Amino acid sequence: MQLGLVGLGKMGFNMRERVRRAGHEVIGYDRNPEVTDSESLADMVSKLQTPRVVWVMVPAGDITRNTVKELSELLEPGDLVVDGGNSKFTDDRIHADLLAEKEIGYVDCGVSGGVWGLENGYALMVGGDAKHVEQAMPIFDALRPEGPREEGFAHAGKVGAGHYSKMVHNGIEYGLMQAYAEGFELLDKTDVVDNVPAVISAWQRGTVVRSWLLDLLVRALESDPELDDLRGYVEDSGEGRWTVEEGINNAVPLPVISAALFARFQSRQEDSPAMRAVAALRNQFGGHSVHLAGPSSGGGSTQG
């Protein structure tokens, strides 16, 4: 079948290639002239036969909203839009209603697999009407990992369910990454363990903590055993925040995911005001030593 693919960045570029390898025709559009197959969104739509399926793979937020709005004016009844970006699930109902006015279908699809998806396939979580999901199923089958469909693809529920599922997936990812990171730091700090990369590599087989994320950590340590080449500054895509918000909205305790999110916030502070306040309080009530700010802070401390 044919697929229109909007957004040919790190993910979209590889997704186009994987779908083409499965024997489908992909006509992509991207503002980058070096990778695009079309001159404009309208040009891409004109090259597709009806009923069209257009996959949107652009940054979440206004860019996705504007793209869906433009597609609503270009597509025809019976066509289908799939949002495969990391949109917030609350946007999906808005998009679906906008397109429904023109009798255009809508499916939201959470996609996991990153830059490795080209070879390994992508885990897909979709939301929408069954007829719309079925309309795009050849593309879903091309993108998902080989093997049983249910091990790499889920029709999670109604519109919004796909992005909601991906949001929770990413929240769990936050917690897993933070646990591995803290374990690495503890191993690295102690003078008991001499070969930290070897220990972490040994966890890859037979242990209950083995995972693909662990494999990626081993890969990183192979090229930089102390991880000295990186700053400890970590952004968040927004989905961790949305997961914590949903935990609050549904009275579901999320202590691990919340702590992992807050740890990312802390990573962006070279000198945390909160921890300065903690140091000041410890000094006030107990006379505990504190490190003074300024050029001589490395060795200076004071007792209360």
Side-chain angles (χ1 to χ4, degrees), residues 10-11 14-15 18 86 109-126 143-154 156 162-244 246-247 250 252-268:
K10 291 180 180 179
M11 289 277 284
N14 284 347
M15 291 169 70
R18 186 170 176 88
N86 284 333
C109 181
V111 181
S112 180
V115 296
W116 300 88
L118 174 59
E119 301 300 333
N120 298 339
Y122 302 88
L124 307 173
M125 300 143 269
V126 306
L143 288 170
R144 67 176 176 82
E146 295 183 7
R149 181 184 287 170
E150 63 271 15
E151 292 183 4
F153 171 87
H163 281 145
Y164 196 100
S165 300
K166 178 58 165 36
M167 174 192 73
V168 175
H169 166 282
N170 280 24
I172 293 170
E173 182 183 286
Y174 276 45
L176 290 172
M177 287 193 290
Q178 187 64 26
Y180 285 131
E182 291 174 8
F184 165 77
E185 181 173 355
L186 183 57
L187 288 168
D188 192 53
K189 280 284 188 183
T190 183
D191 58 4
V192 177
V193 177
D194 294 328
N195 193 339
V196 176
V199 171
I200 293 177
S201 181
W203 292 348
Q204 289 181 280
R205 294 183 182 274
T207 74
V208 295
V209 299
R210 64 190 185 273
S211 74
W212 186 48
L213 282 174
L214 181 67
D215 295 343
L216 294 178
L217 178 56
V218 170
R219 178 185 172 90
L221 290 170
E222 287 173 350
S223 60
D224 183 10
E226 299 294 330
L227 300 183
D228 290 332
D229 294 342
L230 302 173
R231 280 185 60 209
Y233 183 102
V234 185
E235 289 285 4
D236 65 286
S237 63
E239 290 181 297
R241 301 184 189 209
W242 303 338
T243 304
V244 173
E246 280 299 290
N250 291 281
V252 175
L254 303 176
V256 172
I257 295 173
S258 299
L261 174 64
F262 295 150
R264 295 194 180 196
F265 296 162
Q266 189 173 33
S267 79
R268 301 167 205 169

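In this chain, residues are counted from 1 in sequence order. The structure presented is a predicted model; accordingly, all values stated were derived computationally and were not measured.
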Tightest non-hydrogen contact, residues L118 and Y122, listed as N-OH, 3.4 Å

Note: R18 and G117 closest approach over all heavy atoms is CD-O, 3.6 Å

Inset, instruction - Applying side-chain contact (heavy atoms from CB on, under 4.5 Å), run through F153 and L143 and close with a yes or a no. - result: CA-CA 9 Å; F153 171 87; L143 288 170; over 6 Å; no

Taken to the nearest 0.5 Å, the spacing of T243 OG1 from Y164 OH works out to 8.0 Å

Heavy atoms of A156 and G162 approach each other most closely as CB-N, 4.4 Å

In I200, V199, N195, the residue satisfying side-chain contact (heavy atoms from CB on, under 4.5 Å) with P197 is N195

Handout entry: S201-Q204 side chain donor-acceptor pair, cut-off 3.5 Å
Key = yes

When rounded to the nearest 0.5 Å, the distance separating CG of L214 from CZ of R219 is 14.0 Å

* To do: Would you check if there is a donor-acceptor pair between the side chains of K10 and N14 at a distance under 3.5 Å?
  => no

Donor-acceptor contacts, no H, no angles, side chain residues 176-190, under 3.5 Å, sequence neighbours left out:
residue, atom, partner, partner atom, Å
Q178, NE2, E182, OE2, 3.0
Y180, OH, V209, O, 2.5
Y180, OH, S211, OG, 2.8
T190, OG1, V192, N, 3.1

CG (N250) and CD (E246) are apart, to the nearest 0.5 Å, by 5.5 Å

Interatomic distance, CG@D236 vs CG@N170, rounded to 0.5 Å, equals 10.5 Å

Heavy atoms of D191 and D194 approach each other most closely as O-OD1, 4.3 Å

> Taking the side chain from S165 and the backbone from M125, do they hold a donor-acceptor pair closer than 3.5 Å?
Replying inline: no

When rounded to the nearest 0.5 Å, the distance separating CH2 of W203 from OG1 of T207 is 8.0 Å

What one should report as the nearest heavy-atom pair of K166 and E239 is CG-OE2, 3.7 Å

Rounded to the nearest 0.5 angstrom, the OG-CH2 distance for S112 and W212 is 7.0 Å

In a table with atom names and distances, give each donor-acceptor pair under 3.5 Å that connects a side chain of residues 253-265 to protein atoms at least two apart or in another chain.
residue, atom, partner, partner atom, Å
S258, OG, L254, O, 2.7
R264, NH1, E235, O, 3.0

Kindly check if the number of other-residue, nucleotide or ligand heavy atoms within 6.0 Å of CD (E146) is above 12? no

